[in-house]
Amino acid sequence: MIQLIRGFKDILPEEAGLWQEIERIAADLFEDFGYREIRIPIMERTELFARSIGEDTDIVEKEMYTFPDRKGDLITLRPEATASIVRSYIQHKMYAADPVRKFYMTGPMFRRERPQKGRYRQFYQIDAEIFGVASPYADAELIYLLDTLFRRLGVDDVAAHINSLGCPACRPGFKSALLDYMADRMETLCVDCKRRSERNPLRALDCKVPDCRDAMADAPSILDHLCADCRDHFDTVKTALTDLGVPFEVDKRLVRGLDYYTRTTFEILTGSLGAQSAVAGGGRYDGLIEMLGGPSLPATGFAIGFDRLVEIVGMKAEDYQRAPKLFIAALGPHSQARAFGWSCALGTAGIQADMDFEGRSLKSQMKRADRSGAEYVLIVGEKELAEGGAVLRNMATKEQETISLRDLAAEIKKRLSLHP
Ligand code: ATP
Ligand code: MG
């Protein structure tokens, strides 16, 4: 038997209803805040990700699914959405009329990481971005949206961690202070941190290797090196969040794996997922649009790990499985033909109906009706057809009544509206 690829997974129908519900709740919230959906391709030229995410990152160094297509062009399955959204924004000159645009999207991402709980090679993200707004209120809005969404989804065990990464004016000063600190401890750092120290020393701050964590425990804080503009920016984010009642923690070790982040950076962490504790991450990336060939415009955004979110929502998958409202147990060929007509008409009217096509005994049809979770069962034989009335059984209360077959949809609708 052929099995799926390691690190990939099926989202089965029993679970898909919950995914749909979460997606709807997120989309409604984003739309209410003026975000519009964008759908971007699953593959892009490798260069787009290599340039935007940065050659020194885990993603580009070892996680991308990159391969030559049949003509030899290098293409990559998208590991994240931001680069593609920026590419699309530039390519379609979306900035021309008004540079301010808000986007959201949901879809699969691909990273060849070691599969484990909460970590897949195809996983899903819910993404939101604001382009063209330099103001700290845009960052605060995104964090507020995350907080609101998690509340709506019944997620409680989460905390927003925030930090500032500075800007091209103040980060170099911090980098050199950090490098001085690291120089004295180079021996204890892991090979990745050693190798990256020259170009991307900030990564050592969130290295997961225990020796690196110990060595970096007393590293200088970027917050002591921010320029006045970055400090004001960060202060306004914090004040806005406080005014909105969004709880947060300043975490000076929080840095992002991606090179293009500037100023505000944040992560939503949960205690319920073990080692894979980040449910969402994001921040400001003011340099990216220009770096990818567009005008110099600021941007900020986040990505939620959808798979991890599903694990921690306070909703149960079984509540989002749709059971039929009516099961028609038809006995005899004429009843079966009429039942088929009724079930199509009901389905068209938005009332899910089911029936058995095999002409089985009443007993086995009732068993199937029960298993289907149908609210009502209509029992129709040739005699009932001739008389124009049949027994309708309420599966929960076991009550039975005879109803007219003349306008079945109306009869069923009437009962459903009494017990919605
Ligand atoms: P992590 O530290 O867990 O590797 P990350 O920093 O690589 O996360 P981002 O690039 O910020 O993750 O992506 C945003 C979110 O996407 C993460 O917070 C996480 O919830 C989710 N995510 C990232 N990689 C995976 C994966 N391989 N499987 C499932 N979810 C993932
Ligand atoms: Mg990662």
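Just so you know, these numbers come straight off a predicted model, no measurement behind them. We use all heavy atoms of the structure for the numbers below, so side chains are in, but hydrogens, waters and symmetry mates are not.
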Engineer: Only one of Lys238, Glu267, Glu249 passes side chain to side chain contact (heavy atoms under 4.5 Å, CB included) with Ile162; say which it is.
Structural biologist: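 Result: among Lys238, Glu267, Glu249, Lys238 is the only option passing the side chain to side chain contact (heavy atoms under 4.5 Å, CB included) with Ile162.
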Engineer: Aromatic rings Phe103 and Phe131: how do their planes relate, parallel, tilted or perpendicular, breaks at 30° and 60°?
Structural biologist: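 The rings of Phe103 and Phe131 stand perpendicular, inter-plane angle above 60°.
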Engineer: Please step through salt bridge (charged side-chain N to carboxylate O under 4.0 Å, His left out) for the pair Asp156 and Arg151, ending with a clear verdict.
Structural biologist: CA-CA 7 Å; Asp156 29 39; Arg151 273 173 214 278; over 6 Å; no
Engineer: Tell me the closest heavy-atom pair linking Arg78 and Pro41, and the distance in Å.
Structural biologist: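 Here Arg78 and Pro41 meet closest at NH1-O, 3.3 Å.
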Engineer: Which heavy atom in Glu382 sits nearest to a heavy atom in Pro333, and how many Å separate them?
Structural biologist: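 Here Glu382 and Pro333 meet closest at OE2-N, 3.9 Å.
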Engineer: Salt bridge check: are Glu61 and Arg195 linked by an N-O gap of less than 4.0 Å?
Structural biologist: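 A salt bridge is present here (some side-chain N lies under 4.0 Å from a carboxylate O).
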Engineer: Surrounding CZ of Arg112 (heavy atoms of other residues, nucleotides or ligands, distance under 6.0 Å), is the total greater than 12?
Structural biologist: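 Counting other residues, nucleotides and ligands, CZ of Arg112 stays at 12 neighbours or fewer.
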Engineer: Could you tell me whether Lys102 and Glu129 make a salt bridge, using a distance below 4.0 angstrom between a side-chain N and a carboxylate O?
Structural biologist: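 The answer is no: the pair does not qualify as a salt bridge.
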Engineer: Check the surroundings of atom CZ in Phe340: do more than 12 heavy atoms from other residues, nucleotides or ligands lie under 6.0 Å from it?
Structural biologist: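 Atom CZ in Phe340 is not packed in, count stays at 12 or less.
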Engineer: Which pair of non-hydrogen atoms, one from Ser221 and one from Phe174, has the smallest distance, and what is that distance?
Structural biologist: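 That would be C-CE1, 3.6 Å.
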Engineer: Do Arg121 and Phe110 have side chains that approach each other closer than 4.5 Å (heavy atoms only, starting at C-beta)?
Structural biologist: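 No, too far: nothing below the 4.5 Å cut-off.
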Engineer: In the structure I gave you, are the side-chain heavy atoms of Thr239 and Thr236 within less than 4.5 Å of one another anywhere?
Structural biologist: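 Thr239 vs Thr236: side chains apart.
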Engineer: Answer with yes or no whether the side chains of Thr300 and Asp139 bring together a donor and an acceptor at under 3.5 Å.
Structural biologist: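 Judged by distance alone, the side chains do pair up.
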Engineer: May I have the step-by-step check of salt bridge (charged side-chain N to carboxylate O under 4.0 Å, His left out) for Glu44 and Arg87, ending in yes or no?
Structural biologist: CA-CA 10 Å; Glu44 298 271 2; Arg87 186 222 14 91; 2.8 Å; yes
Engineer: Under 3.5 Å, is there a donor-acceptor pair between the side chain of Ser361 and the main chain of Ser364?
Structural biologist: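 Yes; at least one donor-acceptor contact below 3.5 Å.
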Engineer: Within the side chain of Ser372, is there an N or O that forms a donor-acceptor pair under 3.5 Å with the backbone of Ala369?
Structural biologist: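 The answer is yes, because a donor-acceptor pair under 3.5 Å joins these two groups.
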Engineer: Can you say whether the rings of Phe30 and Phe302 are parallel (under 30°), tilted (30 to 60°) or perpendicular (over 60°)?
Structural biologist: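 Plane angle between 30° and 60°, so tilted.
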Engineer: Evaluate the criterion side chain to side chain contact (heavy atoms under 4.5 Å, CB included) for residue pair Ile328 and Asp354; output intermediate values, then yes/no.
Structural biologist: CA-CA 6 Å; Ile328 309 172; Asp354 194 10; over 6 Å; no
Engineer: What's the shortest heavy-atom distance between Ala81 and Met109, and which atoms?
Structural biologist: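 For Ala81 versus Met109, the nearest heavy atoms are CB-CE, 3.7 Å.
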Engineer: Identify the heavy atoms of Ala278 and Leu269 that sit nearest to each other, and give their distance.
Structural biologist: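 In terms of heavy atoms, the two residues are closest at CA-CD2, 3.8 Å.
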Engineer: Can Tyr120 and Glu113 be said to form a side-chain hydrogen bond (donor to acceptor under 3.5 Å, both in side chains), step by step?
Structural biologist: CA-CA 7 Å; Tyr120 309 96; Glu113 307 192 66; over 6 Å; no
Engineer: Quick one: does any side-chain atom of His334 pair with a main-chain N or O of Gly381 as donor and acceptor, under 3.5 Å?
Structural biologist: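 No.
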Engineer: side-chain hydrogen bond (donor to acceptor under 3.5 Å, both in side chains) for Arg393 and Gln400? Distances and angles first, verdict last.
Structural biologist: CA-CA 4 Å; Arg393 181 181 169 87; Gln400 303 205 145; 3.0 Å; yes
Engineer: So, are Lys117 and Glu311 salt-bridged, with charged N and O less than 4.0 Å apart?
Structural biologist: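 A salt bridge is present here (some side-chain N lies under 4.0 Å from a carboxylate O).
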Engineer: Does Phe67, at its CZ atom, have more than 12 non-hydrogen atoms belonging to other residues, nucleotides or ligands within less than 6.0 Å?
Structural biologist: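 Yes, the 6.0 Å shell around CZ holds more than 12 heavy atoms from other groups.
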Engineer: Does Asp356 use its side chain to pair, donor to acceptor, with the backbone of Gly359 at less than 3.5 Å?
Structural biologist: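 Such a contact is found between Asp356 side chain and Gly359 backbone.
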Engineer: Apply salt bridge (charged side-chain N to carboxylate O under 4.0 Å, His left out) to the pair Lys71 and Asp69, showing each step before the final yes or no.
Structural biologist: CA-CA 5 Å; Lys71 284 230 172 102; Asp69 75 357; over 6 Å; no
Engineer: Would you check if Pro79 and Phe123 make a side-chain contact, meaning some heavy-atom pair closer than 4.5 Å?
Structural biologist: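 Side chain of Pro79 against side chain of Phe123, heavy atoms only: no contact under 4.5 Å found.
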Engineer: Evaluate the salt bridge (charged side-chain N to carboxylate O under 4.0 Å, His left out) criterion for residues Lys62 and Asp58: first the C-alpha distance (whole Å), next the side-chain angles of each, then the deciding distance (0.1 Å), finally the verdict.
Structural biologist: CA-CA 6 Å; Lys62 49 193 182 195; Asp58 281 347; 3.7 Å; yes
Engineer: Pair Leu288, Ser52 - check side chain to side chain contact (heavy atoms under 4.5 Å, CB included), show working.
Structural biologist: CA-CA 7 Å; Leu288 185 63; Ser52 63; 3.5 Å; yes
Engineer: Determine, step by step, whether Val391 and Glu384 satisfy the side chain to side chain contact (heavy atoms under 4.5 Å, CB included) criterion, reporting the C-alpha distance in whole Å, the side-chain angles of both residues, the deciding distance to 0.1 Å, and the verdict.
Structural biologist: CA-CA 8 Å; Val391 167; Glu384 285 78 5; 5.7 Å; no
Engineer: State plainly whether the residues Lys413 and Glu411 are in salt-bridge range, i.e. N to O under 4.0 Å.
Structural biologist: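 Salt bridge flag = no for Glu411 with Lys413.
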Engineer: Measure from the ring center of Tyr320 to the ring center of Trp19 and say whether it is less than 6.0 Å.
Structural biologist: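 No, ring centres 6.0 Å or more apart.
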Engineer: Scan side-chain atoms only and decide if Thr76 and Thr66 contain a donor-acceptor pair under the 3.5 Å cut-off.
Structural biologist: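 Per modelled atom types, Thr76 and Thr66 side chains form a pair under 3.5 Å.
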Engineer: Enumerate the residue pairs fulfilling salt bridge (Lys or Arg N to Asp or Glu O under 4.0 Å) with a member in residues 4-21, sequence neighbours excluded, ordered by first and then second residue.
Structural biologist: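 Every pair satisfying salt bridge (Lys or Arg N to Asp or Glu O under 4.0 Å) with a residue in residues 4-21: Lys9-Asp307, Glu21-Arg24.
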Engineer: Within the distance-only criterion (no hydrogens, no angle test), does the side chain of Tyr89 pair as donor or acceptor with the backbone N or O of Pro99 below 3.5 angstrom?
Structural biologist: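 At least one qualifying donor-acceptor pair exists.
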Engineer: With the threshold set at 4.0 Å, does a side-chain nitrogen-carboxylate oxygen contact exist between Arg111 and Glu80?
Structural biologist: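 Salt bridge flag = no for Glu80 with Arg111.
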Engineer: Is it the case that atom CE in Met395 sees more than 12 heavy atoms from other parts of the structure closer than 6.0 Å?
Structural biologist: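 Count over threshold, so yes.
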Engineer: Closest heavy-atom contact between Gly118 and Arg308?
Structural biologist: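 So the two residues come closest at O-NE, 2.7 Å.
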Engineer: Might you work through the side chain to side chain contact (heavy atoms under 4.5 Å, CB included) test for Val313 and Phe150, ending with a clear yes or no?
Structural biologist: CA-CA 8 Å; Val313 289; Phe150 288 146; over 6 Å; no
Engineer: Under a plain distance cut-off of 3.5 Å, with no hydrogens placed, do Gln122 and Tyr124 share a side-chain donor-acceptor pair?
Structural biologist: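 Yes - a donor-acceptor pair under 3.5 Å links their side chains.
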